[in-house]
Protein chains: 2
Amino acid sequence: MPADASTSPASPPLTQRQEARRRRILHASAQLASRGGFDAVQMREVAESSQVALGTLYRYFPSKVHLLVATMQDQLEHMHGTLRKKPPTGRTAAERVAETLMRAFRALQREPHLADAMVRALTFADRSVSPEVDQVSRQTTVIILDAMGLDNPTPEQLSAVRVIEHTWHSALITWLSGRASIAQVKIDIETVCRLIDLTDPEHT
Amino acid sequence: MPADASTSPASPPLTQRQEARRRRILHASAQLASRGGFDAVQMREVAESSQVALGTLYRYFPSKVHLLVATMQDQLEHMHGTLRKKPPTGRTAAERVAETLMRAFRALQREPHLADAMVRALTFADRSVSPEVDQVSRQTTVIILDAMGLDNPTPEQLSAVRVIEHTWHSALITWLSGRASIAQVKIDIETVCRLIDLTDPEHT
DNA sequence: CGCTAATCTAGAACAAGTTTCAGACTTGAT
DNA sequence: ATCAAGTCTGAAACTTGTTCTAGATTAGCG
């Protein structure tokens, strides 16, 4: 897989300095987000931290939500790499998916503010961010299918995966806003993962 | 059920004029939301439309998100009333829940901008709005349990209901942001509702 | 009725996301 | 090396959510 397989398809290639600027911006964004979540990512501060003019920041990321969704794409790639190194060990597909999601969840717990910023941006995004949000969604789908160990999912299984993603996002939100405990998120994830067995074509 | 069963518990009773102001505000909010969604609900405009000073608006609803979540509570009550009059007719609990949610979905489709405003507010809400968001969640739970026809759900069934709510909210978001079609939302709802049969204690 | 505390109003002020603009700097092609 | 086109900078301006203030109004009470 080429290194930039996940970036937007037909945008003009960036010079090194531009690539460096982009990285500095994403780094500053993640850093500010880690401190204080969504609200702490202030565009003026991101611009200053990354040594870029405000107008330039807006040229790279046309809104705060775009910026945070891009930050999420970035983090997701990390996560996917990490997960690949240690694949889940569960016996059934449902177990492996639940295990994978719980592992991701634990990673998010280590940086709850960052999680807050990314997830809030993701669900708050309007139509103008659809392509980017979709990209995040596809990446998540790949991670789940990986955990299931499937290359040719049936439409039913894809539905189940979509529902799992819905649950994952929404459960994260309830956790981040303090309306659900970590234990409850775990239960919800395990509950929804049972859908996988239900849609397994070899279901006994 | 007393008329104000859903409002915050120990707040001082409102005078008639205050009650009227509150209604005017909620009405203006819903009206502006119906026009242009979340962004069209501007606090100055809400204040003007409802003939109330900006400061007063903020006394009644401490933020735009509070206002929109309250608007959602209001609409949910309507919806619940409407649904009660014509209970779903499906044979299994899963069918009835799916039928109920699809009916609610159709209602939202009639006012997509209003739906946008309410759902975005709901998922964007931070901890300071937790009580109100929780109230909406409980109301939704009641609607689903009603459709299932249960008074004493098992913990497993409550988990399933929570997962259904997660899916419901998240599927709405993907629809509102144009990343999923109406048909896909329908499929997702039907898929997640199969969890109900799975957790039915009398499951054969 | 007259008092006091709470509430409401109009409007200014502030905060942070976003836009705009003139001028300086880079880049790529010749 | 030079020119044109595109990019970056710094700063100001604009928008909308939110807060604050001083004075008018209202509600509840003796």
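Residue numbering restarts at 1 for every chain, and letters A, B, ... go by the order of the sequence lines.
Figure legend: B/Lys64 and B/Phe124 shown without cation-pi pairing, the cationic atom not lying both under 6.0 angstrom from the six-membered ring centre and within 45 degrees of its axis.
When distances are taken from the side chain of B/Gln18 to each of C/dT18, D/dT16, C/dT7, the shortest belongs to C/dT7. If you check D/dG28, C/dC8, C/dT19 against the side chain of A/Tyr58, the one that comes closest is C/dT19. With C/dT9, C/dA12, D/dG17 as the choices, the nucleotide that has an atom nearest any side-chain atom of B/Thr56 turns out to be C/dT9. Closest to the side chain of A/Ser63, out of D/dT16, C/dC8, C/dT18, is C/dT18. The side chain of B/Ala53 sits closest to C/dT9 out of C/dT9, D/dT9, C/dC8. Taking the side chain of B/Thr15 as heavy atoms from C-beta on, and the options D/dT18, D/dG17, D/dA27, the nearest nucleotide is D/dA27. Nearest nucleotide to the A/Arg44 side chain, out of D/dT9, C/dT9, D/dA13: D/dA13.
The distance from atom CZ of A/Arg22 to atom P of D/dT7 is 16 Å, rounded to the nearest whole Å. One atom, CZ of A/Phe61, and another, P of C/dT19, lie 16 Å apart when rounded to the nearest Å. In this structure, A/Leu57 places its CG atom 14 Å from C1' of D/dG10, rounding to the nearest Å. If you take CG of B/Leu54 and C1' of C/dC14, they are 13 Å apart, rounded to a whole angstrom. When the C1' atom of C/dA16 is taken as reference, atom CE of A/Met43 falls 10 Å away, rounded to whole Å. One can place CZ of A/Arg24 at 11 Å from P of D/dC8, the figure rounded to the nearest angstrom. Look at NZ on A/Lys64: it is 15 Å from P on C/dT19, rounded to the nearest Å. For A/Glu48 and D/dA11, the CD to P distance is 11 Å, given to the nearest whole Å.
Using a 4.0 Å heavy-atom cutoff across all strands shown, B/Gln51 reaches sugar-phosphate atoms only and no base atom. Among the atoms of the strands shown, none is found under 4.0 Å from any heavy atom of B/Glu45. Residue A/Tyr60 is classed as a sugar-phosphate contact, given heavy-atom separations below 4.0 Å to backbone atoms only. Within the 4.0 angstrom heavy-atom criterion, only backbone atoms of the sugar-phosphate kind lie near A/Val41; the bases stay farther away.
Residue A/Gln42 is the one, among A/Gln42 and A/Gly55, whose nearest nucleotide of DNA chain C lies closer to the 5' end (criterion: closest heavy atom).
The backbone N or O of B/Ala147 sits less than 3.5 Å from a side-chain atom of B/Arg96, completing a donor-acceptor pair. Without hydrogens or angle criteria, A/Gln18 side chain to A/Thr15 main chain gives a donor-acceptor distance under 3.5 Å. A distance-only check finds no donor-acceptor pair linking the side chain of A/Ser29 to the backbone of A/Ile25 [under 3.5 Å]. Not one N or O on the side chain of A/Gln75 forms a donor-acceptor pair closer than 3.5 Å with the backbone of A/Met72.
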